[in-house]
Number of protein chains: 2
Amino acid sequence: MIRKHSRQRDSIKQLLMNRTDHPTADTIYTCVREEYPNISLGTVYRNLTLLTELGEISKISTGDGADHFDANTQRHHHFICTRCQAIHDLQMENIDSVMEVASRHCPGQIDTYRINFYGICEDCQTRETDDKRS
Amino acid sequence: MIRKHSRQRDSIKQLLMNRTDHPTADTIYTCVREEYPNISLGTVYRNLTLLTELGEISKISTGDGADHFDANTQRHHHFICTRCQAIHDLQMENIDSVMEVASRHCPGQIDTYRINFYGICEDCQTRETDDKRS
DNA sequence: ATTAATTATGATAATTATTATTGTTATTAA
DNA sequence: TTAATAACAATAATAATTATCATAATTAAT
């Protein structure tokens, strides 16, 4: 299955590399349309799936609506605000030891893992304080 | 918002408490229909959402298709087979230290976290070996 | 026990997120 | 330049979930 180059795919990947939030397919579609007004949402999905399979980007499922995408493929985890749904990258020390702990009672071979941390982000906390004040 | 009791909700929760796999709304619907043949899929979804909000059950999003549900509300994590999609509960030692590690660079207050471990389960590994043999 | 108030239900329509189909266009290698 | 084919845009289809609404079940007060 030889791949051909495509401007649309490049544009999608570039967009994703230039931002640290983690847009959904639909948001990416809206943005890429500024460069390619005729791009189809199907093309966005197709390429996001392809790039994910190739390991060039990764998919984040928060369990709340649409999937999000991330061009940072190094192992890292996410903090998800349960109020505004924003997803923040979490820079953190290596904790692969959790894999070993998990392995001890695991009915299978663990290849990888993902951690989602949930809470209220600083912006929402600030906003809350402001709201009370006014 | 006072709640009224409902037999259907009881049945859904009971079903979930009697099994350790983690059925989807649709599977739950099929099973509960044996007791309540006229129950509607909407009722299943409504009650699963309600029970989740009340903290009596929890929702598992694997990032692959439909959400799954779990009546075990104690903090635990999951091993997801990337071949057969089975979800296994992972009994494991307390690793809340990861929250502290994460907190150090986290732009907000962490309330909770979820870990999904991914890999091939023993059943699928065995099946693979058998397939090669035959 | 009867009634009144209201939540929950079943049936079904609507919505959201995503994938599949198809005829056309762009990319690549010869 | 052309031939082969991957990728495209447009759009239909599907899957998962939520919303609507008239009726039934539950609860609290008589």
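Naming convention: chains lettered A, B, ... in sequence-line order (proteins, then strands); numbering from 1 in each chain.
Listed nucleotides C/dT27, C/dT9, D/dA9 differ in distance to A/H5; the shortest reach to its side chain belongs to C/dT27. Minimum atom distance to the side chain of B/K4 is reached by C/dT6, of the listed C/dT6, D/dA6, C/dG10. The side chain of A/A66 lies closest to C/dT18 when the candidates are C/dT12, C/dT18, D/dT17.
Within the structure, every side-chain polar atom (N or O) of B/R3 is placed at least 4.0 Å from both OP1 and OP2 of C/dT7. Residue A/R7 has no polar side-chain atom (N or O) positioned under 4.0 Å from OP1 or OP2 of C/dA26. Contact annotation: B/Q8 side-chain N/O to C/dG10 OP1/OP2 distance is under 4.0 Å. The phosphate of C/dT19 (OP1 or OP2) has no side-chain N or O of A/Y45 nearer than 4.0 angstrom. Within the 4.0 Å cut-off from OP1 or OP2 of D/dC8, at least one side-chain nitrogen or oxygen of A/S6 is found. The side chain of A/T43 contributes an N or O atom lying less than 4.0 Å from OP1 or OP2 of D/dA9. Side-chain N/O atoms of B/R9 include one lying less than 4.0 angstrom from OP1 or OP2 on C/dA8. Within the structure, every side-chain polar atom (N or O) of B/R46 is placed at least 4.0 Å from both OP1 and OP2 of C/dA8.
The main-chain N or O of A/K4 is found under 3.5 Å from a side-chain atom of A/R9 such that the two form a donor-acceptor pair. Proximity of a side-chain donor or acceptor of A/S11 to a complementary backbone N or O of A/R7 within less than 3.5 Å is not detected.
The six-membered or imidazole ring of A/H77 lies near that of A/Y113, with a centre-to-centre distance under 6.0 Å. When ring centroids are compared, B/Y118 and B/H78 stay outside the 6.0 Å threshold.
Residue contacts shown for A/D26 are absent, as no nucleic acid heavy atom lies under 4.0 Å away.
Counting only residues at least two apart or on different chains, the salt bridge (charged side-chain N to carboxylate O under 4.0 Å, His left out) pairs with a member in residues 11-25 of chain B are B/K13-B/E56, B/R19-B/D21.
Inter-axis angle, ends of the helix from C/dA1-D/dT30 to C/dA30-D/dT1, five pairs per end, rounded to 10 degrees: 40°.
In this structure, B/E53 atom CD and D/dT18 atom P are separated by 10 Å, rounded to whole Å. The interatomic distance linking A/L41 (CG) with D/dA9 (P) rounds to 11 Å, in whole Å. Straight-line distance from the CZ atom of B/F69 to the P atom of D/dT17: 7 Å, rounded to whole Å. Rounded to an integer number of Å, the gap from A/I39 CD1 to D/dA7 C1' is 11 Å. One interatomic measurement links the two molecules: NZ of B/K59 to P of D/dA16, which rounds to 14 Å at whole-angstrom precision. Put simply, CD1 on B/I12 is 13 Å from P on C/dA8, counting in whole angstrom units. In this structure, OH of B/Y36 is placed 12 Å from C1' of C/dT9, rounded to the nearest angstrom. Atom C1' of nucleotide D/dA9 and atom CD of A/E35 are separated by 17 Å, given to the nearest angstrom.
Checking B/T43 against B/R46 by side-chain atom types alone, a donor-acceptor pair falls below 3.5 Å. For the residue pair A/T24 and A/T27, a side-chain donor N or O sits within less than 3.5 Å of a side-chain acceptor on the partner.
Both B/A25 and A/N38 lie near DNA chain D, and the one whose nearest nucleotide falls closer to the 5' end is A/N38.
By the salt bridge (Lys or Arg N to Asp or Glu O under 4.0 Å) test, A/E122 pairs with no residue at all, sequence neighbours left out.
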